[in-house]
Each structure stands twice: as structure tokens, then as C-alpha cells.
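Note sheet for the following structure.
Numbers restart at 1 for each chain; the letters A, B, ... are given by sequence-line order, proteins then strands. As the structure is a prediction and not an experimental result, all values here were calculated from the model.
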Amino acid sequence: MAKVSVRFFARYAELAGCDWSAVNVSTPATVGDVIARVREVFPGTQAMPPRPLAALNRRQVKHDALVNDGDEVALLPPLSGG
Amino acid sequence: MAKVSVRFFARYAELAGCDWSAVNVSTPATVGDVIARVREVFPGTQAMPPRPLAALNRRQVKHDALVNDGDEVALLPPLSGG
Amino acid sequence: MTHLTRHPIDVGDLLATVQSAERGGTCVFLGTVRNDADVTSIDYAAYEAMTFEEIERILAEAHERWPESRVMLQHRLGLIPVGEASIAIAAAAPHRDAAFAACRYVIEEVKKRVPIWKKELHVDGSATWVDPSGKPVAGGLRDR
Amino acid sequence: MTHLTRHPIDVGDLLATVQSAERGGTCVFLGTVRNDADVTSIDYAAYEAMTFEEIERILAEAHERWPESRVMLQHRLGLIPVGEASIAIAAAAPHRDAAFAACRYVIEEVKKRVPIWKKELHVDGSATWVDPSGKPVAGGLRDR
């Protein structure tokens, strides 16, 4: 098992109803597995696109990136900075 | 005959020994004719390149541009503004 | 100089961090809040820790590509009224080609990579998240 | 705002002349005196009447190419110490592509067309006219 921090931003925080949470996933697990678990725990996030932009420990990654206990996964709506 | 003002700038003013003068040329005359006359009147300007950059009434022109009485011809060293 | 601020950006301060006697060309980019579609202000939110790290990476890449350049960036967060700057980038280099190129590189990478989101606030009191195509989408539920 | 000045250029004043609520992107170029080869300052001389007209033409061309942009330029003349700006261009437009393009267009045209000359003053007291390839040439006879 790995306990992974999950952060929600902007519209996704509205969908989740929170900014921060943590989920448990059986290892080996990927960012995609974390997101699947998030959709179960926070049904509002089912309105996110099928493959939302994600960051692992503050770097954008693909959904097949492996997660470890203590990692931070962030779900990022389409960026609009600048 | 046309009387044409002639202006010298930067290094060409040093070569001419003055910033401003006027020369008379028989019409029809071109900027090139004015420059040829300048080289006679101000021998120092013979050190200018064979075809120096020139402006007629504050616009860059080729040496075949026609001049009229009262026009202003300027002899411009290679530009280095900015 | 910090990359993220909640106060108005001072371009003079930014310039001072990049200019020097060896660098004869400086290019600055300022992004300011536009009055599109009755927008009165934009509320900028960031994933701050990642934003900071991503900006550091982008500036390091610019330095690697244009080694003689020096580039600095500030992004403002929070509520920014129309007409004020949300981002300022200053790139100084010995010659202008590198200054323009480095400045442009940094703004393009920031737009693509930095986790910042804007919510437009309108004259009528409504709020809309901005999507990257430039069209406002859904809600602004949280603040209203 | 005048295009030619004998005083230090104020970038804030320049920005104020081009920015507005519709223009979300602003690109600024600053050319500053570099400390090349023991240069202490550069003396800028211009054919002022033609410089003014040529700058007006260049700005009009930029406006024709990027109609939603607004560009302003100041060139400083006289003795400018190392590190200070000889030229500043600010281009504001609704989007950044036009702001960068208009700013770049104006500096390139200025370099090609505006009748301004610089004489470098060196630590040892000598003076040299700068030729456009960037190499100092002959004399500076007049002032020495």
C-alpha cells in the first residue's frame, strides 16, 4: 500500500469540494491508478476529462508514472498563467 | 543653376571641416552631381567612400535622384544608432 | 528576487536584477489584464511550490541556451485589476537577438508549463475560469 | 512624447503612452551602452530633423502592419554613460505575438534607417566613431 497526497486546483478543487486529500492505493501503482481512486472517493471529479493533466512531486508526468508512499499527486486544470 | 544646402555629419563633418554648406550645380543635376561638386569644394571629403549614403530633404535616396533649387542634401556616414 | 508576488510588479526593480554593463540589449515582456467581455479583474491562483520550481527550471533552460543572457520573471497572484501586469519578464544579453529570444522563450514556456489558473471577474458579479483556448468556461463556484 | 531626448529615458513614462486596457501584451526593448573595450560612455549625434521624420515613418509602418498595436520610441542623444539606455521602444498590443513583432520591427528599422552616429569615449581619453559592423574606426578628431 502507498498513501499518496492529492491536491486539487482551480475548477477541479470545486469539483472535488476540497483542495487537498490523501488516498491509499495498492502498489505498484501509477498516477492513473491514483486518479481512478480519486474519482471513486470524490464523485464530483468524475466531471474531469478522461485524462486530466497531472503532476507528481511538482513535475508534470504522464499517467503511467509510478507513485510511491508519501508522493504528492496534483490534478491540474488546463493552465492559464502568464 | 540650383543652389543646394549640404549637410555633413559625424566623421564626414570632420573630413569636410564643417557641418553645413551650400553648393551651386547646373540643372538638371542629381545628388551624385552635388556630391562630385562637394568633393571639389571640400577636398577632405575625397576620403569619403565612392558612393556615400545620402539623404535628399530628409529621406535616403540613391545618387541618381534629381535635386532642385533649395533642396537639402545630407551626407551620412554608416549609421550606428539604436 | 522572488518569482511570485501578491503586490504590483515593479518593472524597474526587475530590470535592475538583469541589466549590467556587459549586456547592451534588454527585452521585457509584460502581460496585463485585458478588459475582455466586461472583465473587471482576474483572480490568479497557483500551485505555488510547483510554479516556483517550474519557473526556476525555465530560467535555467534559458540560461543554458543563451549563456550570456540573464533573465528574471515575476508572476503576480491574487486579484489583479484590468490594466495591471500579471507577469513581467526581463531578459538582458550582450546583443538584442539573444535578449528577444530568451524573453520569448520564457513567456512561451511559462504559458505551457506553469500551474497557474485565472478566474475572470465580470462587471455583473459573475466569475468564470479561463480555459487555455482563451474562452471562459464553467463556474467559479467556490468563491460565489 | 518626444522621440529625441538629452535626458535619461524613463521606461515608465514610455509604457504609459502605449498601454491600455485592450492591450494585454507589451514588449519593451532597451539598448544600453556596453562597456566594450574600455568604453566609458558614448556620444550620440543625430541628423535630428531627419531622425524625427524617419522615426515617425517607422512607427506609422508598424501601426499599418499591426493595426491594433501602439508603439512608442525614445532615442537619447549626447553623452550617455555605460549602463544607461540610448534607446527604448515599447510596443503594446492585444496579444503578445504582435507586441513582440512590432517591437522587433521598430528596432531593426531604426538600426537600418535612422541617421544617428555614435562616438565611443575610452578610459584613455581617446574617441572613436563606431562603424555599423560594430568595430570602431578612425578619429573623433572634431572633439579632441
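There is no contact between Ala85(D) and chain B, counting heavy-atom distances below 4.5 Å. With a 4.5 angstrom heavy-atom cutoff, Arg7(B) touches chain D only via side-chain atoms. With a 4.5 angstrom heavy-atom cutoff, Arg76(D) does not touch chain B via any of its atoms.
Scanning all heavy atoms of the two residues, the minimum distance from Leu14(D) to Met72(D) falls at CD1-CG, 3.7 Å. In terms of heavy atoms, Pro77(B) sits closest to Arg11(B) at CG-N, 4.0 Å.
For the ring-ring contact (aromatic ring centres under 6.0 Å, His included) with Phe9(B), the lone residue among Tyr44(D), Trp129(D), Trp117(D) that qualifies is Trp117(D).
Inter-residue side-chain proximity for Leu79(D) and Leu121(D) is flagged as met; some heavy-atom pair is nearer than 4.5 Å.
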